Amino acid sequence: MTETPALKSRLQQPRILTVPGIFDALSALLAEQAGFEAAFLSGSAVAYSQLGRPDVGLVTVNEMADVCARITDRVAMPILADVDSGFGNAAHAARAIRMLEQAGAAGVQVEDQVPVKRANDLKGRPLICPDAMVDKIKAMADARRSDSMLISARTDSSAASRLK
């Protein structure tokens, strides 16, 4: 299993870190063998590879944690795990980061889209309000066991604003 401080210290270096998307232990192993220093466990890639369906919120936190645990059992490089919108509200997001940390992730990425996505619209994704996103990030930061567990938060506001 990976040590989480490795990603935090690597990100402090001036060199660009290229992080390929992965979806299982084999894709992670291939990325590691190709020389990548870290990898991104993509929720979308897990949805397609495990369910054969688009990323419309069907993958659960348990499924992401299970996939992450299998990956970190096989590779030594740090894994950044996609937690989509935190799988719900701030309490769900706190649970998600604990589960992914337990599964060996070095960090998570959370987005500001609403938790349940419309199945027929892959582009029109409404966003939660900024205060709710701040609450999620704070809950995740408070819930993690180590400060080395990183939280990357992203906004899809640019894409959402183009839809109006």
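The shown structure was predicted, so the numbers you read here are calculated from the model rather than taken from an experiment.
Remark: Leu30 CG to Ile22 CD1 distance equals 10.5 Å, nearest 0.5 Å. In this structure, CZ on Arg10 lies 13.5 Å from CE on Met77, to the nearest 0.5 angstrom. Atoms CZ and CD1, on Phe40 and Ile79 in that order, are 11.0 Å from each other to the nearest 0.5 Å. Taking CG of Leu7 as the reference point, atom CG of Leu150 lies at 5.0 Å (rounded to 0.5 Å).
Here the closest heavy-atom approach between residue Leu17 and residue Ala38 is recorded as CD2-CB, 4.3 Å. When every heavy atom of Pro78 is checked against every heavy atom of Glu37, the shortest pair comes out as CD-O, 3.0 Å. Smallest separation of non-hydrogen atoms from Ala6 and Ser9: O-OG, 3.2 Å. The two residues Val19 and Ala39 have their closest heavy-atom pair at CG1-C, 3.3 Å. Scanning both residues, Ile128 and Val114, for their nearest heavy atoms gives CG2-CA, 3.9 Å. Nearest heavy atoms, Met149 versus Val108: CE-CG1, 3.7 Å.
Counting only heavy atoms from C-beta outward, the side chains of Arg95 and Met140 never approach each other to under 4.5 Å. Between Met99 and Asn62 the shortest side-chain heavy-atom distance falls below 4.5 Å. Contact check for Val61 versus Leu100: side-chain heavy atoms found under the 4.5 Å cut-off. Residues Val110 and Ile97 fail the side-chain proximity criterion, which asks for heavy atoms closer than 4.5 Å. Side-chain contact between Met64 and Phe87 is present, with heavy atoms from C-beta onward closer than 4.5 Å.
Among residues at least two apart or in separate chains, side chain to side chain donor-acceptor pair (under 3.5 Å) pairs with a member in residues 25-35 are Asp24-Ser27.
Clustering ILVMFWY residues whenever any of their side-chain heavy atoms sit less than 4.5 angstrom apart, transitively, puts Leu41 in the very cluster that holds Ile151. A single hydrophobic cluster is not seen to contain both Phe23 and Leu26; linkage of ILVMFWY side chains at heavy-atom distances under 4.5 Å, directly or through other members, places them apart.
Side-chain N or O atoms of Lys136 include one that pairs as donor or acceptor with a backbone N or O of Ser85 at under 3.5 Å. At least one donor-acceptor pair under 3.5 Å links the side chain of Asp82 to the backbone N or O of Gly43. Glu63 contributes a side-chain N or O that, together with a main-chain N or O of Thr60, makes up a donor-acceptor pair within less than 3.5 Å. A donor-acceptor contact shorter than 3.5 Å links the side chain of Glu101 to the backbone of Arg145. Using modelled atom types, no side-chain atom of Arg74 and backbone atom of Ala25 make a donor-acceptor pair closer than 3.5 Å.
Looking at residues two or more places apart in sequence or on another chain, you find a salt bridge (charged side-chain N to carboxylate O under 4.0 Å, His left out) between Arg154 and Glu111, Asp156. The side chain to side chain donor-acceptor pair (under 3.5 Å) test applied to Arg53 returns no partner, not counting sequence neighbours.
Here the options are Asp73, Val67, Thr72, the test is side-chain contact (heavy atoms from CB on, under 4.5 Å), and the partner is Arg70; only Val67 passes.
The pair Asp142-Lys138 meets the salt-bridge criterion, with a side-chain N (NZ, NE, NH1 or NH2) lying under 4.0 Å from an Asp/Glu carboxylate O.
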